[in-house]
Amino acid sequence: MTVVQASAPPAVDAVPLRHPWRWVGATVILVLVVLFIYGAATNKAYGWSTYAQYLFNDRILLGVSNTLQLTVYAMVIGVALGIVLSVMRLSPNPVLQSVAWVFLWIFRGTPVYVQLVFWGLIPTIYQNIQIGVPFGPSLFHLNLQSLSIPFLLAVIGLGLNEAAYMAEIIRAGITSVPEGQTEASKALGMSWGMTMRRTVLPQAMRVIIPPTGNELISMLKTTSLVTAVPYSFDLYSIASREIAARTFEPVPLLLVAATWYLIVTSVLMVGQYYLEKYFSRGISRQLTTKQLDALAKAQTDAGHV
Amino acid sequence: MTAMVRAEQVCKSFGALQVLKGVTLSVERGQVLVLVGPSGSGKSTFLRCINHLETVTAGRLYVDDDLVGYREARGKLYEMSPREAAKQRRDIGMVFQHFNLFPHRTALHNIIESPVHVKGVKKAEALSRARELLGTVGLSDKADAYPAQLSGGQQQRVAIARALAMDPKLMLFDEPTSALDPELVGEVLAVMKKLASEGMTMIVVTHEMGFAREVADELVFMDGGVIVESGPPRAVLANPQHERTKTFLSKVM
């Protein structure tokens with residue numbers, strides 16, 4: 001083989017591949033969309049004036065706020081308890097393992113709607129809470145029926161159900177981190193807790209976040225089931241049961257509710273994007289623009305070979 | 001002065017499988033011991049026993065006169081709590097075949113991780129020491145690179161710097177060059193040679209016979225969980241006494 005030193009070859013100049021069918025497809029879809037929008041805009045059943053009237057209605061905004069609170073509180077319980085449960089499942093202690101398994105078995109094995117009805121019935125089933133010596137004197141007494149706690153019960157019901165799902169997501173994330181990472185941390189003198197916190201969980205996050213984002217968005221919509229408790233001040237209950245039942249116009253109010261669910265979901269999706277970006281650092285071999293520039297500069301400085 | 005590492009009849013079984021069948025050896029301070037042997041001979045397991053990544057099932061293993069993994073009191077052995085075991089590991093550096101750098105941290109932050117969070121060294125202090133260590137392994141310009149952006153040889157050199165940042169009294173190398181491209185082996189061995197010449201006590205599991213000949217004070221050949229032969233590397237390599245050693249060396253040299 002001989003190596004011929006020649007001047008650099010000219011850059012490739014080729015005609016790009018054309019995609020005519022993409023344009024056809026896009027045109028057909030565009031026409032259909034325009035027709036649908038025209039139809040919706042002129043169809044009286046959609047009741048657009050009612051839609052506009054109620055989109056920023058105070059009761060609707062209250063519903064949005066309540067729905068957001070239910071979502072956030074239930075997810076906080078779900079994630080916190082989920083971490084505890086997943087660590088219990090992975091622990092060498094058989095007692096902890098079994099407790100976590102039974103919890104998962106029950107809360108994943110029954111419909112969330114049924115669970116919410118049960119939580120709603122708790123004050124009926126356990127009318128009084130007493131803390132004290134069994135068969136002895138009572139130190140603390142609480143009458144559940146006298147309290148009005150549907151919001152709290154809804155949060156607990158949603159949160160415990162969510163914890164069962166989060167536990168499995170977090171467990172999958174933890175087991176996805178290679179064993180060598182734990183060994184290296186141990187060899188550097190880290191304790192088990194520190195290894196989990198500083199080495200394993202940050203790497204597990206990359207696997208945990210996408211399905212957790214899914215769970216969060218799913219939770220936002222699952223809150224519409226709290227009517228089973230019964231709690232009736234979430235977005236869906238207010239839009240459909242309270243206002244639509246009064247105005248006899250279900251379609252525009254469902255659209256109002258749908259709009260708000262979409263807006264909140266969109267905000268959550270943006271948040272998820274940035275979280276994913278943060279926790280995927282170091283994963284790609286791809287260099288950042290800054291690093292590429294530095295390398296190009298080094299190449300130029302070294303002179304052309 | 002007592003030996004840095006003293007192994008007395010060390011045995012290790014995984015269930016019914018006996019991997020180490022009574023290994024007795026000692027490593028003096030400042031000495032470099034190279035462990036060679038076919039795969040499955042127990043050399044890596046022995047290395048992992050020294051910093052308690054594996055628990056010894058019979059015999060005794062001492063590092064710097066401390067019994068590894070157990071406390072001895074009134075003639076009885078007590079299993080160490082994880083906290084005590086972690087403390088014992090701090091002074092023993094380990095370098096792995098597959099580097100095991102933390103992929104979510106830059107080279108610099110891999111190095112300061114343990115000094116800052118385990119030893120409680122101040123961050124600024126740890127950072128300047130880390131830069132110094134990166135200089136020693138010839139990677140000053142890679143401080144902000146993530147492990148995935150480094151070649152195997154560079155990753156292994158960062159891993160050595162990470163272990164050194166804890167100021168270990170003993171360094172364990174578990175096949176540090178076995179996962180590297182041939183042309184990258186040299187740069188890692190050069191760092192290890194430098195370390196040895198500075199008086200670090202080292203135990204190295206490797207297949208690099210050239211390194212053993214040049215750097216080691218003692219070469220130990222293991223097979224089937226026992227030490228078959230040991231001695232000064234030149235003598236063992238040039239004139240192996242056992243048939244098993246001869247066969248092995250004829251294959252790797």
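For clarity, every value in this text was computed on a predicted model and none was experimentally measured.
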Engineer: Contact part of B/R162 toward chain A, heavy-atom cut-off under 4.5 Å: side chain, backbone, both or neither?
Structural biologist: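 Contact with chain A involves both backbone and side-chain atoms of B/R162.
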Engineer: So, for A/Y278 and A/Y274, is the gap between ring centers shorter than 6.0 Å?
Structural biologist: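 They do not qualify: ring centres at least 6.0 Å apart.
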Engineer: Quick one: closest heavy-atom pair of B/V56 and B/C11, and the distance?
Structural biologist: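 That closest heavy-atom pairing would be CG1-O, 3.6 Å.
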Engineer: With chain A, which of B/H117, B/Q88, B/M94 has the greatest number of heavy-atom pairs at distances under 4.5 Å?
Structural biologist: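 Option with the top pair count is B/H117.
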Engineer: Between A/R89 and A/E168, is there a salt bridge with N-O shorter than 4.0 Å?
Structural biologist: yes
Engineer: Which bit of B/L172 comes within less than 4.5 Å of chain A, counting heavy atoms only: side chain, backbone, both or neither?
Structural biologist: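 Contact with chain A: none, neither part.
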Engineer: Tell me the residues of residues 195-204 of chain A whose non-hydrogen atoms fall below 4.5 Å from those of chain B, in number order.
Structural biologist: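 When heavy atoms of chain B are the reference, residues 195-204 of chain A contributes A/R198, A/T199, A/P202, A/Q203 within the under-4.5 Å range.
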Engineer: Pick whichever of B/I92, B/L53, B/V118 has the most heavy-atom pairs under 4.5 Å with chain A.
Structural biologist: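 The candidate making the most pairs under 4.5 Å is B/V118.
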Engineer: Under 4.5 Å from any heavy atom of chain A, what part of B/F96 do you find: side chain, backbone, both or neither?
Structural biologist: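 Contact with chain A: side chain only.
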Engineer: Can a salt bridge be assigned to the pair B/E175 and B/K43 using a cut-off of 4.0 Å between side-chain N and carboxylate O?
Structural biologist: yes
Engineer: Counting only heavy atoms closer than 4.5 Å, note whether B/D144 contacts chain A via side chain, backbone, both or neither.
Structural biologist: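 Contact with chain A: backbone only.
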Engineer: Answer yes when B/E84 and B/K87 have at least one side-chain N-carboxylate O distance shorter than 4.0 Å, and no when they do not.
Structural biologist: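 No, this pair does not count.
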Engineer: Walk me through it: do B/S44 and B/D174 pass the test side-chain hydrogen bond (donor to acceptor under 3.5 Å, both in side chains)?
Structural biologist: CA-CA 6 Å; B/S44 282; B/D174 189 5; 2.7 Å; yes
Engineer: Could you tell me which of A/M190, A/M194, A/Q181 has the largest number of non-hydrogen atom pairs under 4.5 Å with chain B?
Structural biologist: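 Top option by heavy-atom pairs under 4.5 Å: A/Q181.
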